[in-house]
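One structure below.
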Amino acid sequence: MSVTNSPPLQGGSPSLRPSSGLLGGARRPGGRHGLRAAGLAGSVLVLLLVLALSIGVGARQLSPGEVWQGLVDSHSEAWTVVHRMRLPRTLLGLLAGAALGLAGAVMQALTRNPLADPGLLGINAGASAAVVTAASLFGVATFDGYVWFALAGTAVVAVLVYAVGGGRGATPARLALAGAALNATLYSYVSATMLLDTASLDRMRFWTVGSLASAEPSTVLKVLPFVSAGLLLALGLARPLNAMALGDDSARALGARPGLVRAGAILAVTLLCGAATAACGPIVFVGLMVPHLVRSLTGPDLRWLFPYCAVLAPVLLLGADVLGRVLGRPGELQVGIVTAVLGGPFFLYFARRGKVARA
């Protein structure tokens, strides 16, 4: 099998000029901006619909009236189901989905790699390895304890993948190979550690496949600061990352500082992926699928791409979670399994269409 390079994702070709509107130097027709704004508003409405479905649909069937009573009446029989189980699960899915989708978009913009994804490049695996180590060696069993391990593991692997893949001279193929190698190595370590430590296996077996089932109100409150900081940082990097799509020299001429932008992007990915993985386990393909689907609506301008990803990625994650609850009744399928089933064919289709790998 021979590997060929795909074209730069964010417009790194010589034909791209500042007048394309990526940097805001030349304004596109107002109608295009209006359509994007309308599309973003429509995406928010779709997200609200999926949030309602996530609260209303579960392993236990409740009528819409019962769900409403569970939301507003503390004496209702459905109060416990709605407030202790479905509402925290929905809010955690909202935060984790936004984090993973935006992290994938940032990674694709930073590396110009169309296959960049926190799961495929080993970022989630780094967080998983750190969390399993904390649980096995130090007995850590709460989000408060292992979130810091997850952040450290995410940061180390993000830097390693970028460095091993070639740094500023990295190609999509080299980054994909570096990420795949680290991903396989780290997940082998996770599996070996859990098999050798039965207590760790019992405690972490559902977490390792990616699940929202164990969400609690306290977990949502604890993950919120990390995800909020990562979201704000990533959104603030949209314009300088647009500039870097033209190359470092052009980015400097436009006022961006490439070294600082790269550091900020890695920090944003660390906060987003580390917090999401610590709370939900390693969930793959969300950061790959959503940016590609969104790009067909927004084009390459990250100022629009990032907000769309932050809104539509939770739609995918919560939709997959609802699907898993419906298909798995009276139990459920973990959301990590559903996203893997949905994402696998998408990855193969994109890889073949984009000629990233050709037999």
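Under the 4.5 Å side-chain criterion, counting only non-hydrogen atoms from C-beta, Leu182 is in contact with Leu160. Within the 4.5 Å cutoff, side-chain heavy atoms of Met244 are placed close to those of Arg262. Counting heavy atoms from C-beta on, the side chains of Phe149 and Phe138 come closer than 4.5 Å. Within the 4.5 Å cutoff, side-chain heavy atoms of Arg303 are placed close to those of Arg239.
Judged by distance alone, the side chain of Thr339 and the main-chain N or O of Val335 form a donor-acceptor pair under 3.5 Å. Looking only at distances, no side-chain donor or acceptor of Arg295 sits under 3.5 Å from a matching main-chain atom of Leu305. Judged by distance alone, the side chain of Ser136 and the main-chain N or O of Val132 form no donor-acceptor pair under 3.5 Å.
Atom CG of Leu237 sits about 8.5 Å away from atom CG of Leu260, to the nearest 0.5 Å. Note: Leu212 CG to Cys280 SG = 5.0 Å, rounded to the nearest 0.5 Å. The OH atom of Tyr308 sits 8.5 Å away from the CZ atom of Arg36 when rounded to the nearest 0.5 Å. Taking CG from Leu254 and CG from Asn242, the interatomic distance works out to 10.5 Å, rounded to the nearest 0.5 Å. With rounding to the nearest 0.5 Å, the separation of CG in Leu271 from OG1 in Thr154 is 9.5 Å.
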Quiz prompt | Gln108 and His292: CA distance, side-chain angles, deciding distance, side chain to side chain contact (heavy atoms under 4.5 Å, CB included) verdict | solution = CA-CA 10 Å; Gln108 290 176 15; His292 282 294; 3.9 Å; yes
Exercise. Could you please spell out the steps behind the ring-ring contact (aromatic ring centres under 6.0 Å, His included) verdict for Phe226 and Trp148?
Key: CA-CA 11 Å; Phe226 297 99; Trp148 303 108; 5.4 Å; yes
Self-check item: Stepwise side chain to side chain contact (heavy atoms under 4.5 Å, CB included) check, Val159 with Ile266
Solution: CA-CA 8 Å; Val159 173; Ile266 291 175; 4.3 Å; yes
Quiz prompt | Derivation of the side chain to side chain contact (heavy atoms under 4.5 Å, CB included) call for Leu312 and Leu293 | solution = CA-CA 9 Å; Leu312 290 178; Leu293 296 174; over 6 Å; no
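Criterion: ILVMFWY side-chain heavy atoms under 4.5 Å apart, direct or through other members. Under it, Val190 and Leu196 are not part of a common hydrophobic cluster. There is a path of hydrophobic side-chain contacts, each under 4.5 Å, that joins Val81 to Val72. By the rule that hydrophobic residues join a cluster once side-chain heavy atoms approach within less than 4.5 Å of another member, Leu297 and Leu316 end up as members of one cluster.
Nearest heavy-atom pair across Val44 and Val311 is N-CG1, 3.8 Å. The two residues Val338 and Gly324 have their closest heavy-atom pair at CG2-CA, 3.9 Å. Contact record, Ser128 with Tyr187: OG-OH, 3.9 Å, taken as the closest heavy-atom pair. For the residue pair Gln334 and Ser211, the shortest heavy atom distance occurs at CG-CB, 3.6 Å. The minimum heavy-atom distance between Pro225 and Leu221, with the atom names listed, is CD-O, 3.2 Å.
Sequence neighbours left out, the pairs with a member in residues 271-289 that pass side-chain hydrogen bond (donor to acceptor under 3.5 Å, both in side chains) are Asn124-Thr277.
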Tell me which donor-acceptor pairs under 3.5 Å the side chains of residues 83-107 have, and how far apart each pair is, sequence neighbours excluded?
| residue | atom | partner | partner atom | Å |
| --- | --- | --- | --- | --- |
| His83 | NE2 | Gly70 | O | 3.2 |
| His83 | NE2 | Leu71 | O | 3.0 |
| Arg86 | NH1 | Ile55 | O | 3.2 |
| Arg86 | NH1 | Gly56 | O | 3.1 |
| Arg86 | NH2 | Arg60 | O | 2.4 |
| Arg89 | NE | Asp321 | OD1 | 3.4 |
| Arg89 | NE | Asp321 | OD2 | 2.9 |
| Arg89 | NH1 | Glu332 | OE1 | 3.1 |
| Arg89 | NH2 | Asp321 | OD1 | 2.9 |
| Arg89 | NH2 | Glu332 | OE1 | 3.3 |
| Arg89 | NH2 | Glu332 | OE2 | 2.5 |
| Thr90 | OG1 | Ser54 | OG | 2.7 |
| Thr90 | OG1 | Arg86 | O | 2.8 |

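The local environment of CH2 in Trp79 is crowded, with over 12 non-hydrogen atoms from other residues, nucleotides or ligands closer than 6.0 Å.
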